[in-house]
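Quick notes on the structure that follows.
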Amino acid sequence: MKKLLFLLLVIGFSGKNVSAQIPVEIFGGDKKTSFDLMFFKFFKNKDGQNSKFLFFSRERAVVDYQQTRTTNLPLFGFTEALSYNHPALKGIAPVLVGQVLNGGTFAKTGIQYAHVSKNMTIFGWSVIALNKNPDVDLFLLLRYTPKLGEKWQLFTQIELINALPTNETSNYSFTQRLRLGFKKADWQFGLGGDFSAIGRGNYINTRNTGLFIRHEF
């Protein structure tokens, strides 16, 4: 698993042919603050055109205002994924995923879908961990940025992150992240909300609402 993750990290950050803008978000909520760096870009071929290989990278950290030395400790996650996108499959592709989370290191594989246009992004996957009693992960990102004028755009984004256990005693996990605001040049800002439910039968629900600001480097 660690070798797969290391390989994805090397592929993602070693080559200038990736040619990616990197958006960084800071979200200040009423209960937590999060830092989020996420991008997905096609590798370029020798002619400067998109190749069949798409790289996804995400680094995320969350700090709880109620943190103590033993409880509500910071959360972190590193996710790197590489997919092979043949034109005949029209956005559907096999994908390899490596993750480093608070709970450990994981290698996953499955099917991905990607559609990226000037003002709309649809990106998601269904993957399963390569270990005993794995979770099935369902991830969906929807982003829409229609024009409001010559310089301004609406910024809307919805994320759904769901973990479905194959073990009958493990908990389900459902997360929704919502962003609504404005986009001008390389900046986006507005209102946000992160919501989650964890459990099996009886769920523990959490929410964190506040303001976000993003910048594309």
Side-chain angles (χ1 to χ4, degrees), residues 8-27 34-60 77-99 108-127 137-162 175-190 192 194 212-217:
L8 292 174
L9 285 168
V10 170
I11 291 173
F13 293 103
S14 64
K16 61 182 179 181
N17 289 331
V18 177
S19 183
Q21 284 186 311
I22 301 179
V24 176
E25 177 193 273
I26 297 176
F27 174 51
S34 64
F35 171 87
D36 202 334
L37 183 157
M38 177 178 63
F39 72 89
F40 41 93
K41 291 289 183 178
F42 283 96
F43 284 83
K44 301 295 183 179
N45 58 26
K46 293 184 294 184
D47 299 323
Q49 304 298 318
N50 288 344
S51 73
K52 296 182 177 66
F53 291 95
L54 178 66
F55 179 71
F56 172 90
S57 178
R58 185 171 208 175
E59 284 69 52
R60 179 175 170 82
F78 304 90
T79 300
E80 320 297 331
L82 184 67
S83 60
Y84 179 80
N85 296 260
H86 195 283
L89 298 178
K90 300 188 181 300
I92 299 174
V95 63
L96 291 173
V97 180
Q99 288 186 315
K108 304 178 180 182
T109 187
I111 298 297
Q112 173 184 285
Y113 177 78
H115 170 81
V116 181
S117 62
K118 185 176 181 180
N119 296 324
M120 178 175 287
T121 297
I122 304 173
F123 183 82
W125 62 45
S126 175
V127 297
D137 291 351
L138 303 177
F139 170 64
L140 178 64
L141 170 70
L142 302 175
R143 183 184 299 148
Y144 183 48
T145 57
K147 284 190 175 182
L148 297 176
E150 292 186 3
K151 296 183 178 180
W152 290 88
Q153 293 172 257
L154 183 68
F155 182 87
T156 62
Q157 181 172 289
I158 299 173
E159 277 189 81
L160 305 176
I161 307 103
N162 303 317
T175 299
Q176 304 87 43
R177 299 188 185 124
L178 311 178
R179 303 291 185 266
L180 176 62
F182 300 97
K183 171 179 169 65
K184 184 179 181 182
D186 294 332
W187 291 92
Q188 303 94 45
F189 57 90
D194 293 351
F212 76 90
I213 184 167
R214 301 171 81 250
H215 182 66
E216 295 177 356
F217 292 92

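Residues Leu154 and Gly181 come closest through the heavy atom pair CD1-O, 3.3 Å. Here the closest heavy-atom approach between residue Gly192 and residue Phe212 is recorded as N-CD2, 4.2 Å.
The side-chain heavy atoms of Phe139 and Thr79, taken from C-beta on, include no pair separated by under 4.5 Å. Counting heavy atoms from C-beta on, the side chains of Phe56 and Val95 never come closer than 4.5 Å. Inter-residue side-chain proximity for Asp137 and Gln99 is flagged as met; some heavy-atom pair is nearer than 4.5 Å. Annotation: side chain of Ile111 is in contact with side chain of Ile92 (closest heavy-atom distance under 4.5 Å). With contacts defined as side-chain heavy-atom distances shorter than 4.5 Å, the pair Phe39/Glu216 does not qualify. Taking 4.5 Å as the limit, some side-chain heavy atom of Lys52 sits within range of a side-chain heavy atom of Pro87.
For Arg177, the salt bridge (Lys or Arg N to Asp or Glu O under 4.0 Å) partners two or more places apart in sequence, or in a different chain, are Glu159. Residues satisfying the side chain to side chain contact (heavy atoms under 4.5 Å, CB included) test with Leu178, not counting sequence neighbours, are Ile158, Phe195. Every residue two or more places apart in sequence or in another chain was checked for a side chain to side chain donor-acceptor pair (under 3.5 Å) with Asp186, and none qualifies. For His215, the ring pair (Phe, Tyr, Trp, His ring centres under 6.0 Å) criterion is met by Trp187, Phe217, not counting sequence neighbours. With sequence neighbours excluded, the residues satisfying ring pair (Phe, Tyr, Trp, His ring centres under 6.0 Å) with Phe53 are Tyr84. Every salt bridge (Lys or Arg N to Asp or Glu O under 4.0 Å) that Asp36 has, sequence neighbours left out, goes to Arg58, Arg60. Take Phe35 and apply the ring pair (Phe, Tyr, Trp, His ring centres under 6.0 Å) test, not counting sequence neighbours, and it matches no residue. Checked against side chain to side chain contact (heavy atoms under 4.5 Å, CB included), Glu150 has no partners two or more places apart in sequence or in another chain. A search for ring pair (Phe, Tyr, Trp, His ring centres under 6.0 Å) contacts involving Tyr113 returns nothing, not counting sequence neighbours. Remark: Thr145 pairs with Asn119, Arg143, Gln153, Phe155, Lys183 by the side chain to side chain contact (heavy atoms under 4.5 Å, CB included) rule, at least two apart or across chains.
In this structure, Asn50 CG and Phe43 CZ are separated by 11.5 Å, a value rounded to the nearest 0.5 Å. Annotation: the span from Lys46 atom NZ to Ser51 atom OG amounts to 12.5 Å, rounded to 0.5 Å. Atom-to-atom distance recorded for Asp194:CG and Gln176:CD is 9.5 Å, nearest 0.5 angstrom. We find the OG-CD distance between Ser34 and Glu25 to be 5.5 Å, quoted to the nearest 0.5 Å. Distance OG1/Thr156 to CE/Met120: 8.0 Å, rounded to 0.5 Å. To the nearest 0.5 angstrom, Phe40 atom CZ is 5.0 Å from Leu141 atom CG.
Asp47 places no side-chain N or O within donor-acceptor distance of the main-chain N or O of Gln49, the cut-off being under 3.5 Å.
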Go through the steps for Glu80 and Leu96 under the test side chain to side chain contact (heavy atoms under 4.5 Å, CB included), then give the verdict. CA-CA 8 Å; Glu80 320 297 331; Leu96 291 173; over 6 Å; no

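Among residues at least two apart or in separate chains, side-chain hydrogen bond (donor to acceptor under 3.5 Å, both in side chains) pairs with a member in residues 85-97 are Ser83-Asn85.
The closest side-chain donor-acceptor pair between Gln188 and Arg214 falls under 3.5 angstrom.
Relative ring orientation between Phe189 and Phe182 is described as tilted, the plane-to-plane angle lying within the 30° to 60° band.
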